[in-house]
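In what follows, a single structure is set out as structure tokens and then discussed.
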Amino acid sequence: MYSVFVVDDEPIVLEGIRSKIDWESSGFVFAGEAGDGEIALSMLHEVKPDILITDIKMPFMDGLQLSQAIKKIQPWIKIIILSGHDEFDYAKRAISIGIEDYLLKPFTPDELLKSLQKTASQIDKERKQLSDISRLKEELKSTETLKKKEFLNNLVHGAENMSDVMQKSQELGLDLISRFYKVLISRIKSRTDNIQNQEEACSLLNSYSADWEQAECFFHHSNILVCIFKGSDREELDESVFHAAETIAHIATKNEDCMVLTAIGKTVEHLSELNNSYDDAKKILSMGGKDEKNRIISSEDLEQNVGAEAESGILDLKENDPLVDRLKYAGKNDISAIIDESMELIRNNPGQFSVFASYLLVDLIFAVSKLVEKLGGDIKILKPEILQRKFIDDAVQDEKGLRQKIEQVLSFALEYRDSKMTGKYGDVILKAKRYIEEHYADQNTTLTQVAEAVALSPNHFSTIFSQECKTTFIEYLTNVRLENAKRLMRETDMKGYDIAYECGFSDPHYFSYIFKKNTGLSPREYKMGEGE
């Protein structure tokens with residue numbers, strides 16, 4: 001399946017593309033949409049589709065500017081341009097950027113599908129070429145490649161004579177002059193020890209990383225990618241490195257059997273200190289990655305969280321209890337979601353309300369107790385009433401009472417957690433979730449805006465958010481909007497299109513599409529079901 005993202009400032013065009021293609025049966029997935037290039041750029045950072053369909057003329061950031069930006073940061077994305085008859089000069093410029101196809105408006109669903117299929121064939125062909133293992137092996141054996149690898153390897157290990165570095169780098173065609181440096185190391189492994197899958201992933205990475213302007217990369221051993229990043233500004237360098245780390249994970253894990261642990265060393269100011277950044281990354285690599293999860297860990301984040309982790313234990317929460325892990329960074333919106341999920345489970349077992357309600361409430365109280373204990377508290381002292389049998393018995397009389405009791409327990413847990421939470425991760429996630437809760441109704445709320453609110457670069461914030469919350473920023477924001485839409489359906493008589501706008505969706509039709517995709521029901525069906 002190939003994921004497709006669409007950008008157009010005309011709602012009727014977006015709706016036509018979304019609704020008139022039978023996405024799944026044709027081998028494609030509709031991954032999302034945006035009404036202008038500026039918002040799309042922030043979303044594409046997270047969604048990482050295979051194919052981008054974009055209108056060529058739009059306000060704020062047009063299709064050409066968007067295409068240029070995407071080709072720099074996500075070069076694997078194939079682009080199909082939509083243009084009018086009077087925009088041929090734009091189309092010619094788009095071709096020079098490196099788009100795969102362009103369609104003249106108006107176009108039919110069949111024409112669009114043919115363009116998508118043509119683009120998908122190009123993706124298949126390119127992936128096959130890039131993952132050609134024999135080609136990778138030949139490249140790695142070439143004299144020029146071996147010389148570069150030896151030089152760069154000596155450089156990161158501090159074994160190169162610094163007085164000769166500039167001359168050697170010029171002879172090898174390497175530009176290493178910069179203000180700041182940072183080393184990234186990625187370890188690519190097959191979950192099933194399938195060497196073929198591992199080698200194909202490494203071959204893809206070798207092909208893509210060769211085109212990165214701000215980095216010199218080489219493979220140390222068959223599955224360890226080492227990248228030396230350079231930059232004139234610390235913040236821009238951090239942004240480049242975190243973006244590269246996410247790109248590495250995205251490319252390597254196209255094969256689901258592969259996982260990636262990426263370690264980012266500290267920033268240094270001289271080539272002679274490059275080994276310090278490398279040693280940092282190497283140490284992180286040796287410490288992590290035992291849980292078979294894709295992870296990106298930076299030296300700076302590790303240092304800033306060591307004290308907080310030891311003090312509060314919050315980062316030590318194990319994932320053997322999903323509810324405890326969920327409460328770690330839950331927000332007000334999550335309370336509503338947890339309650340709805342509990343009610344759904346109970347409704348699926350009619351005639352056994354009190355049995356299932358008791359089980360769910362006891363399980364929740366147990367999870368909250370463990371969270372409080374992790375944070376140094378004692379539930380018996382802080383909230384003894386929820387441990388009494390009467391609390392359970394009162395709660396399971398009816399659905400309304402159960403909702404109130406669950407909300408009471410969860411609100412206590414979140415308030416106590418917020419009073420005790422320390423460390424950069426905790427502060428960042430909680431602040432971000434508060435910002436989302438306050439601004440979800442704004443259609444222009446983006447990853448970039450929230451990252452700015454928590455004083456991190458978009459790439460760095462995106463990495464932390466997805467790793468700590470086990471969901472992407474876009475998925476979380478969409479879920480917040482949907483949960484608030486459900487609330488308005490339950491509590492008000494507002495029309496569906498008014499609810500869509502009230503919850504941050506720019507198009508009621510897209511709201512209906514997303515709502516049904518996530519709940520299995522149309523907004524109308526959901527509202528009728530809630531009213532019964």
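These numbers come from the heavy atoms of this one structure, side chains and all, not from hydrogens, waters or symmetry mates.
Under the 3.5 Å distance criterion, the side-chain polar atoms of Glu216 are left unmatched by any main-chain donor or acceptor of Phe229. Of the possible donor and acceptor atoms, none in the side chain of Asn206 sits under 3.5 Å from a partner among the backbone N and O of Cys202. A donor-acceptor pair is defined here as one N or O able to donate and one able to accept, closer than 3.5 Å; such a pair exists between the side chain of Tyr181 and the backbone of Leu176. Listed for the Lys71 side chain is a donor-acceptor partner under 3.5 Å among the backbone atoms of Ile77. The closest donor-acceptor contact from the side chain of Glu46 to the backbone of Met43 lies at 3.5 Å or more, if one exists at all. Judged by distance alone, with hydrogens and angles left aside, the side-chain atoms of Thr445 form a donor-acceptor pair with the main-chain N or O of His439 at under 3.5 Å. Under the 3.5 Å distance criterion, the side-chain polar atoms of Ser3 are matched with a main-chain donor or acceptor of Asp50. Under the 3.5 Å distance criterion, the side-chain polar atoms of Asn294 are matched with a main-chain donor or acceptor of Val260. The closest donor-acceptor contact from the side chain of Ser286 to the backbone of Lys283 lies under 3.5 Å. Side chain of Asn479 to backbone of Glu475: no donor-acceptor contact under 3.5 angstrom is found.
In this view, Thr247 and Trp76, Trp212, His243, Ile251 satisfy the side chain to side chain contact (heavy atoms under 4.5 Å, CB included) rule, not counting sequence neighbours. Every residue two or more places apart in sequence or in another chain that forms a side chain to side chain contact (heavy atoms under 4.5 Å, CB included) with Gln68 is listed here: Ile97. By the ring pair (Phe, Tyr, Trp, His ring centres under 6.0 Å) test, His220 pairs with His157, sequence neighbours left out. By the side-chain hydrogen bond (donor to acceptor under 3.5 Å, both in side chains) test, Glu483 is found to be paired with Lys486, residues two or more places apart in sequence or in another chain being considered. Applying the side chain to side chain contact (heavy atoms under 4.5 Å, CB included) rule to Ala120 yields the partners Tyr2, Phe28; only residues at least two apart in sequence or on another chain are considered. Applying the side-chain hydrogen bond (donor to acceptor under 3.5 Å, both in side chains) criterion to Gln167, with sequence neighbours excluded, gives Glu171.
Between Ser190 and the choices Asp257, Asn255, Asn223, the side-chain hydrogen bond (donor to acceptor under 3.5 Å, both in side chains) rule is met once, by Asp257.
The shortest side-chain heavy-atom distance between Leu225 and Ile185 does not fall under the 4.5 Å cut-off. Annotation: side chain of Asp507 is in contact with side chain of Glu33 (closest heavy-atom distance under 4.5 Å). In this structure the side chain of Phe218 never reaches within 4.5 angstrom of the side chain of Lys148, judged on heavy atoms. Within the 4.5 Å cutoff, the side chain of Leu447 has no heavy atoms near those of the Ile474 side chain.
A donor-acceptor contact closer than 3.5 angstrom links the side chains of Glu200 and Gln196. Using a 3.5 Å distance cut-off with no hydrogens or angles, the side chains of Thr463 and Glu246 do pair a donor with an acceptor. Under the 3.5 Å distance criterion, with hydrogens and angles disregarded, no donor-acceptor pair is assigned to the side chains of Asp238 and His460. For the residue pair Asn161 / Ser163, a side-chain donor-acceptor distance below 3.5 Å is found, with atom types taken as modelled. Using modelled atom types, one finds a donor on one side chain and an acceptor on the other under 3.5 Å when comparing Lys182 with Thr267. A donor-acceptor contact closer than 3.5 angstrom links the side chains of Ser240 and Gln214.
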Could you walk me through whether Phe465 and Ile429 pass the side chain to side chain contact (heavy atoms under 4.5 Å, CB included) check?
CA-CA 7 Å; Phe465 193 91; Ile429 299 301; 4.0 Å; yes
Start with the C-alpha gap between Phe30 and Tyr513, add the side-chain angles, then the distance that decides, and say whether ring-ring contact (aromatic ring centres under 6.0 Å, His included) holds.
CA-CA 10 Å; Phe30 187 81; Tyr513 169 81; 5.4 Å; yes
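In this structure, Glu235 places its CD atom where only 12 or fewer heavy-atom neighbours from other residues, nucleotides or ligands lie under 6.0 Å away. Other residues, nucleotides and ligands contribute over 12 non-hydrogen atoms within 6.0 Å of the NZ atom of Lys517. When the shell of 6.0 Å around CD of Glu437 is examined, it contains more than 12 heavy atoms from other residues, nucleotides or ligands.
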